[in-house]
Each structure stands twice: as C-alpha cells, then as structure tokens.
Amino acid sequence: MTLYEQHPVSITNSLSGKKEPFVPLNPPFVGLYSCGPTVYNEVHLGNLRTFTAFDVVYRYLTHIGYRVRYVRNITDAGHLTNDAGEGVDRIEESAKLEQLEPMEVVQKYTTSFHEVCRIFNILPPSIEPTATGHIVEQIEMVKKILDNGYAYETNGSVYFDVRRFMEKYKYGELSGRNIDDLLEGTRELDRQDEKRNSVDFAIWKAVSPNHIQRWPSPWGEGIPGWHLECSAMGTKYLGKTFDIHGGGMDLKFPHHECEIAQNVGAYGVTPVRYWMHANMLTVNGEKMSKSKGNSFLPKELFTGAHPLLEKAYSPMAVRFFMLQSHYSSTLDFSNEALSAAEKGFKKLSNALGAIKKLDFIPLGAEDHELTKELEKLITACYTNMSDDFNTAKTLAVLFEMTSWINDWKAGKGTAIASETFERFKQTFISFMEDVLGLREEEEHNQEMIDGIIQVLIELRKQARTNKNYALSDKIRDDLKALGIQLMDGKAGDMSYTID
RNA sequence: GGUUCCGUGGCCGAGUGGCUAGGCUGAGCUCUGCAAAAGCUCCUACAGCGGUUCGAAUCCGCUCGGAACCUCCA
C-alpha cells in the first residue's frame, strides 16, 4: 500500500469552493501546473509565497509516492498591462527603461528568479516552459478557437468571443462572476474598441513594427495573449485535462477564467480538475504589491535594507514563517511576526541537526502506550499534510516531536521499539527537509568566520604567553583538521588560510 | 456598486458542532560557576447582538470592522 493510499489527500478546489478528495486521472501520475513569474522585474516576497506554496504541494505529492510532472512557466512575452488593447508590453517597457534588448531583460530576471528559488529552497519544476518557446503551439490554439467560432479577428488581433462562448458553455464559473455585471461595470470604456464586448480578451495581439518582440502569424505580426500561454503549455505537457492547476489568488480572474475558456473553446473540455489558489501576503493588512510600494525584494530581506524591515532575516526563517500559515489564508507580514518565526525555526533547526546524529538509547521494556503516542505523531504528519497541505498543523506536530528529540539529546533513554525510533527519526527529517523544504541554516558569512577565528587566535596567544603549549597546539591542530591553517608570524602576529 | 473572503489570547497563526493546536513574547521556577540551550508552570481567546441546538469559535441572521477581485499584479 502506497503512502498516498494510506493517507489520501484532499484539496480545497477553487472551482467548487469545497474540500474534495484528490483523485488523479492516472495514478500514480499527477499533472501539476502553476503560474510562474513574468520576468520583467525582480520577484518580491509576495510572489515568493505562492511559489513556496506550490513547491510544498509538489514536494509532498512526490513524497507520498505520486509521480508528479510539475510544470511552471516563465512568462517572457505577451504580458500586457491590460487586455483592452491600449496596454503596454511589460517586457518591452522594462527593456526600454533599462536600455536592454527584451531577451536581455528576460534572461536577467529569469536568472535572478532561479537564484531566489535556490536560496529559498524552491525546487526546480519538471518542465519550465517559456511563452516565447511555444509561439507555434499558441498560434495553433488560436486557430482552433477561431475554427470553432469562439473568436474573431479585428485589425490583425484575435479576440475571444465570450458572448458566443456562453451560448454553449459557462464563463465565470471559477471566479463566481456574473457576465452581465461585468458588462454593466465597464460599458463606458467600450467606444472605439476593437472588441465586440468589453469582456472579450485578446488571444493574439497585433503589434506595430517598432515593437521588438513580435512573431509572424496568419493574422499578421503580433504577440500571443497573456492568458494563452498557460493554456497552450499546460495542454502540451500535461494533456487536455490534467489534475492540479495553481496560482495566486489574484490570477483567478481574469487569467484562470480565460484559460478555462480558451481550452474549452479549443478542445471542448475543461482543462483542470482541481484549481488551487494561494492567498496574498499582506503588509499591515494590505496586499503586498509593487504598485502599493509596500513590497520588498528577497535581497533586501537578507540585508534588512528596506524601510519596512527592522533587521535582516534569513531565507529559511522566512520560508518557515510562510509555512506557519495555511496557503489559502492571507498572511500578514510584520517584523514582530518574522522575529518570532526566526526563533521558532531555530528551535526546529536545532532539533533537526540533533536527531541526525542521535542513536537509539533503549530504556527498559517497551512501553506500548508511549510507542502509540509517538506513532501518533508520525501519522499526524501525514494526515495533516494530506488535509489540504496543512503546513501549519504539520509544523505544530514537528514542534511536539522536537520536545522528544530534546529529551533524547539530553541523554534520556526511551522505552520504545528501535523500529519506532527509526521511523520517528526518518519522518522528522524527511518532513523537515523533503516535504517542507526547511534545511539547517548554515550560511554563515565570512565576517562571522573571521570573527570566530580571531577569538581563537587571541586565546592561542594567551596560551602561548602562559606557556600552555598543549592548549595552543590543540587549537592549531583542531583548526587544521577543519581546513583552517594558522601561521605564526615573526612578531607574534598570526594569519590563517582556509582551504 | 457587484462578487468572494476574513475578524481567534500581548503578537503571529491552526482549528468547523462537544475532546478548547503550535510558535513567539512576558512572569516565575528547575538545571547551571556565569551565560545559552533544555524542561516545568502561569497569563486561556474566539468582533458585537440575536437565533438553532442538550451543547457553537465552529451552523443561521443582523450589526460593526477589514481585505481581495471586478484594470496589471503571485
């Protein structure tokens, strides 16, 4: 019996708003798609929360035995600042501002994004497709939608015909939107528009020849619509219908709604069985976003160089902070909360370091009650994660396990079977490292190492002055064993090298 | 205005009908040469009002407060 059969997963499906048992189309295979970044700018902490949330989904599903194909795209074209037609292209805009070639912008921020992921221990997906690498697939999809009669061409642009689509299918189901309300609210903006209805959206957008990023198509030169890439790439790599699609709450409408419409319009089937939406990171109760000026970059977080930050925080403390709340709740950022998280994480991190080195110390006959209690904790890790990826509850269990680990660390024996001990140990380590992606913090900076060695050098000097050569030699030999070579200078000064 | 969601102790945050997570902070204690770590104890809450129920933080209604989406955003 596999782990996922022992601990069946349930997921809150945004489509129904309810928690549903997770039944993949073709177990043990799972198709998971999540919307990646638009690489026109650095990702900020808010963006990171979503990527972390789906990283954990990917990690856990894999851990319990599913064979997950995780697709997370890079949007490197076609993301206009609005759908109405007068929007600017984000990548082109950044290119102009930074005086770079658009693909230089793409490269720069893709590299930066990967670096941030590495630092926060966000695993690379199975496939990380780019919009520019799938222009052909996107054009094919536009053709299909046109052939099916759910789109129309105006001046070289192709728009999705929402009204027409609604004659046969539903639109607005995911976001619970009423199309008439939408039309009501935006009627004023409709004049001189290329679109038949304000709710229609571009699936192919004509651009002028001075636009650097552009591709030939049956409708002239242009760029694919933003919503289209996810439809095309999701379909290509995961099939016309796949298991899970995730993204930030703010993408629910219009992005994901349009994605559904495009797939249904092209293939007649809804693309996703379980929609998952990660909630926003807030600052003083307001969504963190660039436009509000309350966002900060990962780099600023490590240095503390931002007006909102009282001090620097480590990546793992931040990751822990995010995992302490459920992905579907808003999480409020504050220095107080982050400092608390920092300390809490340290406790877990110490326990992790300790249990790796711990061996089983038996104590008398097996206490069945105690064994049961510890087995319960092991099981709780699974049931909590299987319950809609409840990382907060899982962490609470890991803290309870930490109490036991600290006891054992202090040399206290335990009256359980060695088998239970080993499972306890393995579960703790794998939930920390593999499932939650929390690793021991060991990134000490050079400055700190220098400081530490100076302290030792000072001690060694004193030992030599006191002719305590046994101690001074021990300091030098022990450091050498760590790859640090101390060298005595002529005038009693010391220097060192590190391998 | 429309749609959706939220309001839990000093702070952050789980929890969906009875069994009242967890972390951080504060106070006291144990251990300890000092410090740290670790352990123990205490501070025990569900915005307000009303209703359903034997029983509600959890369900229903109203009031107040806040947020997200409806334009780009993870």
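Small disclaimer: the values here were computed from a predicted structure and weren't measured. These values consider heavy atoms only, across backbone and side chains, with no hydrogens, waters or symmetry-generated copies.
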Could you tell me which residues satisfy side-chain contact (heavy atoms from CB on, under 4.5 Å) with A/S314, sequence neighbours excluded, listed by chain and number?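 So A/S314 forms a side-chain contact (heavy atoms from CB on, under 4.5 Å) with A/A317, A/E441.
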[X]: which residues meet the salt bridge (Lys or Arg N to Asp or Glu O under 4.0 Å) condition with it, sequence neighbours left out?
{"X": "A/E373", "result": "none"}
{"X": "A/R59", "result": "A/D55"}
{"X": "A/D407", "result": "A/K412"}

Which part of the nucleic acid, if any, lies within reach of A/H277 when heavy atoms closer than 4.0 Å are counted: base, sugar-phosphate only, or nothing? nothing
State the dot-bracket string of RNA chain B. Criteria: Watson-Crick or G-U wobble, both atom distances under 3.5 angstrom; notation: ( ) intrastrand, [ ] crossing earlier pairs, | interstrand, . unpaired. (((((((..(((.....[...))).(((((.......)))))....(((((..]....))))))))))))....
Please produce a list of atom pairs where a protein N or O lies less than 3.5 Å from an N or O of nucleotides 30-40 of chain B.
residue: B/rA38; atom: O3'; partner: A/N406; partner atom: ND2; Å: 3.3

A/Q213 side-chain N/O to A/D76 backbone N/O, donor-acceptor pair under 3.5 Å: yes
Would you indicate whether the side-chain heavy atoms of A/F321 and A/L331 approach each other to under 4.5 Å? yes
A/F302: partners by ring pair (Phe, Tyr, Trp, His ring centres under 6.0 Å), with sequence neighbours left out: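 In terms of ring pair (Phe, Tyr, Trp, His ring centres under 6.0 Å), with neighbours along the sequence ignored, A/F302 is linked to A/F120.
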For A/T75, side chain to side chain donor-acceptor pair (under 3.5 Å) partners two or more places apart: A/N73, A/E229
My understanding is that only residues two or more places apart in sequence, or in another chain, count here; which of them pass side chain to side chain donor-acceptor pair (under 3.5 Å) with A/T383? none
So salt bridge (charged side-chain N to carboxylate O under 4.0 Å, His left out) across residues 379-400 of chain A, not counting sequence neighbours, yields A/K19-A/D387
B/rU25 phosphate, OP1 or OP2: any side-chain N/O from A/K343 under 4.0 angstrom?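 It does, given that an N or O in the side chain of A/K343 lies less than 4.0 Å from OP1 or OP2 of B/rU25.
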Presence of A/S329 side-chain N/O under 4.0 Å of B/rA14 phosphate oxygens OP1/OP2: yes
Just compare B/rG13, B/rC24, B/rA74 and give me whichever is closest to any side-chain atom of A/T38.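 Of B/rG13, B/rC24, B/rA74, B/rA74 is nearest to the side chain of A/T38.
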Listing time: all N or O pairs from protein to nucleotides 4-8 of chain B that are below 3.5 Å?
none

Where along residues 288-296 of chain A does a heavy atom fall under 4.0 Å from RNA chain B?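 Listed by number, they are A/M288, A/S289, A/K292.
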